[in-house]
Structure formats: C-alpha cells, structure tokens
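Structure, as structure tokens:
What you see below is based on every heavy atom in this structure, not just the backbone, and it leaves out hydrogens, waters and symmetry mates. Order of appearance sets the numbers: ligands from 1, and atoms from 1 within every ligand. Predicted model, so just to flag it, every value in this text is computed and none were measured.
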Amino acid sequence: MFNFDYSYLSLPEKFYSITKPNVNSCAKVFLLNNQICNKFKLKINKEEELIKLLFSNKKYRKSYAQAYAGHQFGYFTKLGDGRAIILGEHITKDNKRFDIQIKGAGRTQYSRNGDGKATFGSMLKEYLMSEAMHYLNISSSRSLAVIKTGENIYRTSKEEGSILVRIMKSHIRVGTFEYASYFGSSEDLKKITTYSINRLFPEISKSDNHSLTLLELVMQKQIDLVVDWMRVGFIHGVINTDNTSISGESFDYGPCAFMNTYDPETVYSSIDYNGRYAFGNQPKIIKWNILRFAEALLPIIHKNKEKSIQLAQSVINKFDAIWKKKYYGMMLKKIGFKNNHTGLYTLIDELLNLMKKLKLDYTNTFYLLSQNNFNKSQISSNSDFIKWEKKWQDSIKKTNCMKEAKHLMNKYNPVFIPRNYIVDEAIKKAVNGDMTSINKLLEILSNPYQYQDDLKGFMKPPTANFEECFQTYCGT
Ligand code: AMP
Ligand code: MG
C-alpha cells in the first residue's frame with residue numbers, strides 16, 4: 001500500500017503544521033483512477049479500502065498542511081494550505097517520492113475565513129483537467145480519487161462536499177520560498193533551498209552556487225511547462241506565485257479552461273478583470289513569477305546584496321531568448337518542422353495573425369493542417385490564408401519530407417481537448433447523479449492525439465452564444 005515517509009517534517013516547524021483530516025465515516029469513493037492504482041502498485045480491491053487507507057490508519061498520524069505565501073494577482077499575502085493536507089510522501093519501489101495530498105478535508109491552521117471544504121463539481125473538474133493534461137503529455141499533478149464526504153457545504157447554493165486525492169512530485173512552490181524569505185531567517189531560506197535541491201534537483205549539488213542554479217533550473221522548468229500550455233491552448237487562469245510549483249508541474253485547476261477561437265486575449269475566469277492571466281499573457285506572467293522567486297532567493301545567492309542582484313539578474317536576462325527559442329521551436333513542430341530555424345518564425349506569426357483575424361479554432365486548425373496531404377485547405381477560403389498555406393507547403397518541401405512532417409504534427413497537435421462546454425455539461429450531469437458523460441470524457445481524453453471517426457462530435461467548437469457567456473470560477 002502507501003509507503004509513507006515524512007521528509008518535509010525535517011524542515012523547521014514554521015514550514016508546516018501537523019493536521020488531521022476531518023472526515024465523516026460515511027465518506028464514499030466516487031471516482032477511482034485505476035491507471036494510477038496500477039502505476040503506484042496500490043492494490044485497492046474495494047473502494048472502502050481506500051477510505052480506510054486514507055483516513056483511519058494510525059500510521060498516517062503525521063499528516064501536515066504546508067505553510068507558504070504568494071503574490072495573488074500581484075499582491076503579496078501569507079497563505080498556506082487552507083483546505084489541503086499531505087497524508088505522507090509515498091516512496092515507490094524505484095525510490096521516487098510523491099506527495100499524497102487530500103484537498104477538501106476540513107480546516108487547517110491556514111484556512112483564514114474558509115471552511116476548508118470543496119464542492120463535488122470543482123473536485124471533479126480538477127480530476128478531469130489534471131488527467132487530461134497528463135495524457136496531453138504535459139507535466140501535471142495527478143488525481144487518484146474523488147470522494148464524497150457525505151456532508152452538504154454552502155456556496156451560492158447547497159452542494160455536496162468532496163475530497164480530491166492528489167499526487168504530485170512535490171507541492172513546493174515559488175510561494176514557499178517567498179514565505180521563507182519574508183517571514184523566516186536566512187537559515188530557513190537555506191534549509192528549504194537545500195531540501196528542495198535534495199528532493200527535486202540533486203544534480204545541483206555539484207554546482208558552485210546552489211541557489212542561483214536552482215533559480216535557473218526552475219526558470220527552465222516553468223518555461224517548458226508554459227510552452228506546453230501554449231501548445232494545446234490551455235489557460236491556467238490563476239498563475240499566482242503560490243500556484244507555481246518549482247517542480248514544473250501544472251496544478252490547482254480552479255478557473256482553468258481551454259481556448260477555442262485563437263485570440264491571445266482570451267480570458268474565462270470570472271475574477272480576472274484585467275486579463276492578467278489571459279492566454280497570451282502567460283509567458284509574461286511566468287517571467288514575473290520567476291522574478292519573485294529570484295527576489296526571494298536574493299539573501300542567499302551572495303552575501304553582498306549588489307552582487308546577489310547582479311547574479312540573479314544575469315539569470316533572468318536569459319528568459320526572453322530561452323522563451324523565444326522554445327516557444328517557436330514548439331510552434332514549428334505544430335506545423336511540421338523539426339528544425340528550429342529563425343527564418344521560419346514569420347510563418348508562425350503570420351499563421352497566428354490569420355487565425356485571429358479569421359476567428360479560427362486553435363485546436364482544429366492545427367489538426368486540419370496535418371490532414372489531407374497538405375492539399376487545398378479545408379480551413380479557410382480566405383485568399384491570404386491560401387497564400388500562407390502555399391508558402392508553408394513550399395517550405396515543408398524544402399526542409400522535411402511530408403511523412404516526417406505529418407508524424408511531428410500528429411505528435412504535437414491534439415485532436416481532442418476538454419472543450420469547456422463539454423466539460424461543463426458533463427460536470428452538471430455528474431452533480432445531478434449521472435456519471436456517464438464524465439466517464440466517457442475521461443476515456444476520450446486519455447487518448448487525445450488519435451482521431452476517431454465516431455468521436456467527431458467532441459471536436460466541435462462551442463456555439464458563439466456559449467463562448468460569449470462562459471465563465472470559470474475558482475471553485476473555492
Ligand atoms: P487557490 O486559488 O485554490 O490556489 O487558493 C488560494 C488559497 O486559498 C490557498 O491557500 C487555499 O488553500 C485557500 N483556500 C481556497 N479555498 C479554501 C477554502 N474553502 N477553505 C480554506 N482555504 C481555502
Ligand atoms: Mg493554490
């Protein structure tokens with residue numbers, strides 16, 4: 001079963017608070033991820049076994065909530081797990097460490113005014129989105145189960161309380177370092193740095209300046225992650241520094257959504273009034289978050305403050321060039337080029353401009369380009385688009401063979417994404433007791449790159465009316 005360790009508790013006490021889950025004995029597993037049970041070799045024959053395993057085993061008495069801080073929409077706040085508890089760190093047979101966290105099991109020391117609970121609908125959304133991201137080959141938290149607590153909780157109306165069992169390589173975030181830097185001593189900052197390096201980046205122990213190398217590696221991981229988000233049209237919706245993991249895993253799928261028609265200004269979150277976390281702003285925001293990480297690390301990068309700033313700046317200064325190279329490299333693969341030639345970048349810019357002007361669906365455009373042997377376009381009869389397509393085909397012929405180009409495109413362009421209107425409807429049905437649509441959706445999204453004729457309906461963009469009115473919520 002779980003093979004728990006508690007290495008996090010070796011940190012000073014200000015980093016956590018021992019917290020017991022507060023779960024009703026009538027809690028029931030509603031969704032169980034068999035693929036994860038197999039991956040982690042968790043032999044759960046009966047779902048009640050999971051409940052027992054999670055909540056009543058005395059061995060797991062050391063469960064804890066993590067303390068952290070964070071910049072939320074640009075403003076600094078002291079936070080901490082207000083509704084999450086880490087039951088333990090599961091060590092796999094091949095010696096890998098994963099946090100097993102439950103979300104929605106009641107108040108913790110950091111709950112502030114919250115009840116520490118979560119609704120069934122929002123935990124189902126997190127389960128579905130995290131699994132979809134995993135199968136899209138994007139680094140993400142995973143979901144083991146959704147459990148109904150048997151309690152009613154009160155939001156805008158009465159809802160069923162639920163718990164999500166979440167798995168991540170680690171829940172250490174930029175906000176954990178901000179917490180150490182602003183509310184702890186430089187010793188505390190050194191301790192969380194050394195702990196993070198040992199746990200997630202052991203290769204850093206050979207470097208001359210550990211904290212500076214950590215800054216650089218986390219920057220690289222976050223760039224890779226956001227490049228992947230841009231690849232599939234994912235909008236996280238709330239990339240505050242407390243939701244930016246240093247392991248480079250996407251997590252906290254509250255107001256997230258997938259873009260339909262290409263427009264960098266796309267925002268769905270009901271609380272993102274200024275479009276801070278809009279689709280096209282994500283690279284700028286992740287750079288901003290990495291700057292906050294650099295600031296938090298300043299006291300330990302160098303003992304001389306000026307020198308420290310200079311060193312951190314030298315890392316941050318690399319961001320734009322790395323982003324550009326990785327982003328265009330990925331976008332070129334989406335249109336079939338394996339080599340990252342700067343001379344081809346205009347092809348990407350022109351395509352995106354046309355997609356915006358012609359209001360084309362992001363996912364379907366790339367999918368259709370990979371079809372039909374690159375013959376006449378099914379996508380648009382616009383003359384500028386036809387001209388672009390001709391230029392693109394000529395460039396492909398010059399650089400790659402068609403077969404190779406198609407292979408790349410199929411690998412980088414999903415056919416099926418969790419379209420907002422489909423997710424919304426499946427969750428509504430599940431909340432009303434019918435799990436058929438959510439189960440079907442989970443099945444489709446576990447194979448998102450493979451076209452299937454009978455699933456064509458799931459590729460359909462939303463109606464203009466739906467798109468205009470659709471908003472997402474934090475789900476707290
Ligand atoms: P999030 O936007 O989900 O990352 O949450 C931001 C902060 O609010 C985190 O510290 C959460 O633990 C906390 N939080 C969110 N919902 C609740 C809740 N219902 N009760 C207590 N804390 C919450
Ligand atoms: Mg969060």
is_close_aromatic([X], [Y]), centroid dist under 6.0 Å:
X    : Y    : answer
F98  : H90  : no
Y68  : Y110 : no
F15  : Y195 : no
F470 : Y421 : no
F416 : Y449 : no

### Message
Return all protein N, O or S atoms below 2.8 Å from the Mg ion (ligand 2), chain by chain in residue order.
### Response
N243 OD1, D252 OD2
### Task
Indicate whether the side chain of Q66 and that of Y179 have a donor and an acceptor atom separated by less than 3.5 Å.
no
### Query
Taking atom CG of L164 and atom NZ of K103, what is their separation to the nearest 0.5 Å?
7.0 Å
### Task
Identify whether the distance between the nearest side-chain nitrogen and carboxylate oxygen of K325 and D320 falls below 4.0 Å.
no
May I have every N or O pair linking ligand 1 to the protein at under 3.5 Å, one per line with atom names and distance?
from     : atom 1 : to   : atom 2 : distance (Å)
ligand 1 : 4 (O)  : N243 : OD1    : 3.0
ligand 1 : 4 (O)  : N243 : ND2    : 3.3
ligand 1 : 4 (O)  : D252 : OD2    : 2.9
ligand 1 : 8 (O)  : R112 : NH2    : 3.1
ligand 1 : 10 (O) : Y68  : OH     : 3.3
ligand 1 : 10 (O) : G80  : O      : 2.7
ligand 1 : 12 (O) : G82  : N      : 2.7
ligand 1 : 16 (N) : R83  : NE     : 3.3
ligand 1 : 19 (N) : D115 : OD1    : 3.1
ligand 1 : 19 (N) : K117 : O      : 3.3
ligand 1 : 19 (N) : T476 : O      : 3.0
ligand 1 : 20 (N) : D115 : N      : 3.4
ligand 1 : 20 (N) : G116 : N      : 2.8

### Message
So does I172 get a backbone contact from the side chain of S170, meaning a donor-acceptor N/O pair under 3.5 Å?
### Response
yes
